[in-house]
Amino acid sequence: MNDSPERRGARYVLYWAQMNRRADSNHSLEFAVSHANRLKLPVLVYEAVTCTYPFASDRFHTFLLAGVPETARRLRERGIGYVFYLRKRRSDANDIPYRLAAESALVVTDDYPVFIPAAHNASVPAKIGVPYFAVDSSCIVPMRSFEKKEYAAYTIRPKIHRVLGEFLRPVEQVVAKHAWNGPPPGIHLEVTKEAIPDLVASCEIDHSVRPSMAFTGGRLAAEARLRAFLGRDLARYGADKNDPGAHATSNLSPWLHFGHISPLEVALAAKARGPAPEFLEELIVRRELAFNHALWAPRADELSAIPGWALDTLYKHAGDRREHVYSLEQFEAAQTHDPLWNACQHELLMTGKIHGYYRMYWGKKIIEWSSDPESALAVMIHLNDKYALDGRDPNTYTNILWCFGLHDRPWGEREVFGMVRFMSFDGMKRKTSVDSYLREISFMRMTGTLPPGVEKH
DNA sequence: ATCGGCTCGCGCAA
DNA sequence: TGCGCGAAGCCGAT
């Protein structure tokens with residue numbers, strides 16, 4: 001991403017793991033190892049957690065830190081160096097990548113279309129002084145192989161399937177020929193599972209957003225969740241995926257978001273169990289449509305990216321009378337008149353995730369009960385960025401804008417929504433087990449534990 | 001329980 | 001230029 005020459009006399013090749021925080025199934029890491037072998041150097045992996053991004057909280061920090069011990073262990077086994085930096089306070093150093101790059105032949109990092117990595121990858125290459133490579137290890141078919149903003153799933157689907165055979169192959173692990181010897185750089189923090197609560201407490205972040213009740217970060221938890229999904233739920237995924245009460249979905253999105261597991265290895269593992277077209281449709285086609293949106297939209301989280309018919313019809317109805325209008329504070333506290341909506345919000349507050357189908361309902365109702373489309377979007381992004389473990393991700397921004405008509409088509413005109421698809425409580429009642437979902441959520445609220453039959457990973 | 005209409009526009013066939 | 005059909009639906013008629 002720049003024209004800088006490789007540094008002579010460097011000590012290592014640096015891989016800055018911004019999004020793909022894992023030692024396995026990681027094209028970025030293998031690319032770094034290949035270059036290190038060519039240069040007869042070891043690889044150093046740099047991973048950081050900072051307190052400075054909006055809504056940094058105990059929830060995200062706990063999840064991220066939980067992944068560190070296993071990443072460290074697996075890299076050590078491969079002879080790859082690892083430095084983990086916890087920026088606890090705003091006053092702590094924020095120039096670590098530059099300091100590490102000063103002794104590196106070149107820098108490899110993750111290509112990612114939103115959030116902090118997008119900003120880094122736009123500004124750092126010009127200032128870093130060595131070659132800077134951003135590798136796409138987030139998508140199975142690289143996101144930049146599609147040359148325009150796709151209109152909907154049906155336009156990207158055939159393009160993905162045409163080349164999928166070429167990309168749906170395991171990442172080949174490259175043996176690191178020159179092992180990292182000696183201690184990590186001085187800024188390194190050794191993380192143990194037991195130390196995580198105290199480390200999180202010592203950070204300058206929002207301590208009021210508690211760790212997830214349902215999800216533990218890290219490679220081991222992700223692999224356990226994947227095994228449970230494949231063994232028990234994949235076979236009925238197609239039939240039950242839209243019924244939250246059926247617990248048929250993978251729930252892998254938090255680990256996918258933080259890169260603790262790769263979509264490629266998940267897809268290969270699912271395929272190895274037999275045909276899984278519905279799951280692969282969600283995991284590959286719709287997920288990568290979301291990356292396409294994030295890559296090509298001027299901003300992934302603004303209404304300007306929705307199609308013209310949707311923007312026109314929403315604004316035509318912006319002045320329509322609303323039966324209920326709630327403030328951000330009322331939404332956040334789950335204080336609407338609708339028990340299903342409130343339960344969805346409580347699930348988000350407690351676990352950091354809402355089932356995909358109910359998340360659509362959750363979003364549609366925020367549009368219905370906000371004074372105008374812009375403030376509805378602001379509420380959704382605030383709640384999602386603050387509480388969702390899979391938030392600040394191309395997927396969640398796309399899921400949110402889908403509620404406003406992105407990647408969708410027009411339907412019969414009605415109040416508030418215009419021609420944008422409407423969803424109703426009666427529809428949820430008819431198609432999903434609302435009652436058992438409501439019982440599960442109130443059990444969680446009463447006991448502070450997951451309902452019987454739902455395991456924590 | 002099932003079906004058609006609602007309404008726009010992309011992409012392919014002709 | 002015509003035509004089929006599409007990210008998760010709703011509603012009223014039958």
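Note on naming: letters A, B, ... go to the chains in the order of the sequence lines (proteins, then strands), and numbering restarts at 1 for each one.
In this structure, the CD atom of A:E278 is 15 Å from the P atom of C:dA7, given to the nearest Å. In this structure, OH of A:Y151 is placed 6 Å from P of B:dG9, rounded to the nearest angstrom. In this structure, the CG atom of A:N395 is 12 Å from the C1' atom of C:dA7, given to the nearest Å. When rounded to the nearest whole Å, the span between CG of A:L311 and P of B:dG9 equals 12 Å. In this structure, A:W309 places its CH2 atom 12 Å from C1' of B:dC6, rounding to the nearest Å. Put simply, CG on A:L406 is 10 Å from C1' on C:dA7, counting in whole angstrom units. The distance from atom CG of A:D426 to atom C1' of C:dG9 is 12 Å, rounded to the nearest whole Å. Across the protein-nucleic acid pair, A:E413 atom CD and B:dG5 atom P stand 19 Å apart, rounded to whole Å.
If you take atom P in C:dC5 and the same atom in B:dG4, they sit 13 Å apart, rounded to whole Å. Between B:dC10 and C:dG9, the distance separating the two P atoms is 24 Å to the nearest Å. On the P atoms, C:dA7 is 14 Å away from B:dC12, given to the nearest whole Å.
Side-chain N/O atoms of A:K148 include one lying less than 4.0 angstrom from OP1 or OP2 on B:dG11. Taking 4.0 angstrom as the limit, A:R414 places a side-chain polar atom (N or O) nearer than this to OP1 or OP2 of C:dC11. Checking the phosphate oxygens (OP1, OP2) of C:dA7, a side-chain nitrogen or oxygen of A:R157 falls inside 4.0 Å.
Comment: A:E455 does not engage A:R227 in a salt bridge, judged by the lack of any side-chain N to carboxylate O separation of less than 4.0 angstrom.
When all heavy atoms are compared, the tightest approach of A:W309 to A:D408 is CZ2-O, 3.5 Å.
Within 4.0 Å (heavy atoms only), A:N242 reaches at least one base atom of the nucleic acid. Among the atoms of the strands shown, base atoms are found under 4.0 Å from some heavy atom of A:T398. When heavy atoms are screened at a 4.0 angstrom cut-off, A:K431 is found touching the sugar-phosphate backbone but no base atom. A:R287 comes within 4.0 angstrom of no nucleic acid atom, judged by non-hydrogen atoms across all strands.
Side-chain proximity of A:E282 to the nucleotides B:dC6, C:dC10, C:dA7 is greatest for C:dA7. Side-chain atoms of A:A152 lie closest to C:dA7 of the nucleotides C:dG9, C:dC10, C:dA7. Comparing B:dT7, C:dG9, C:dA7 against the side chain of A:M423 picks out C:dG9 as the nearest. Considering only side-chain atoms of A:Y357, the nucleotide from C:dC10, C:dA7, C:dG9 that sits closest is C:dG9. Taking the side chain of A:L289 as heavy atoms from C-beta on, and the options C:dA7, B:dG9, C:dC10, the nearest nucleotide is C:dA7. When the nucleotides B:dC6, B:dG11, C:dA7 are ranked by their closest atom to the side chain of A:T155, B:dG11 comes out on top. The side chain of A:M419 has B:dC8 as its nearest neighbour among C:dC10, C:dA7, B:dC8. Comparing C:dC10, B:dC10, B:dC6 by their nearest atom to the side chain of A:F422 picks out C:dC10.
Side-chain contact of A:Y326 with A:H337: a donor-acceptor pair under 3.5 Å is present, judged by distance alone. For the residue pair A:D390 and A:T396, no side-chain donor N or O sits within less than 3.5 Å of a side-chain acceptor on the partner. In this structure, a donor-acceptor pair under 3.5 Å is absent between the side chains of A:N94 and A:Y85.
Ring-centre distance between A:W341 and A:F331: below the 6.0 Å cut-off.
For C:dA7, there is no paired base (Watson-Crick or G-U wobble, both distances below 3.5 Å).
Crowding of A:K193 atom NZ: a count of heavy atoms from other residues, nucleotides or ligands under 6.0 Å not exceeding 12.
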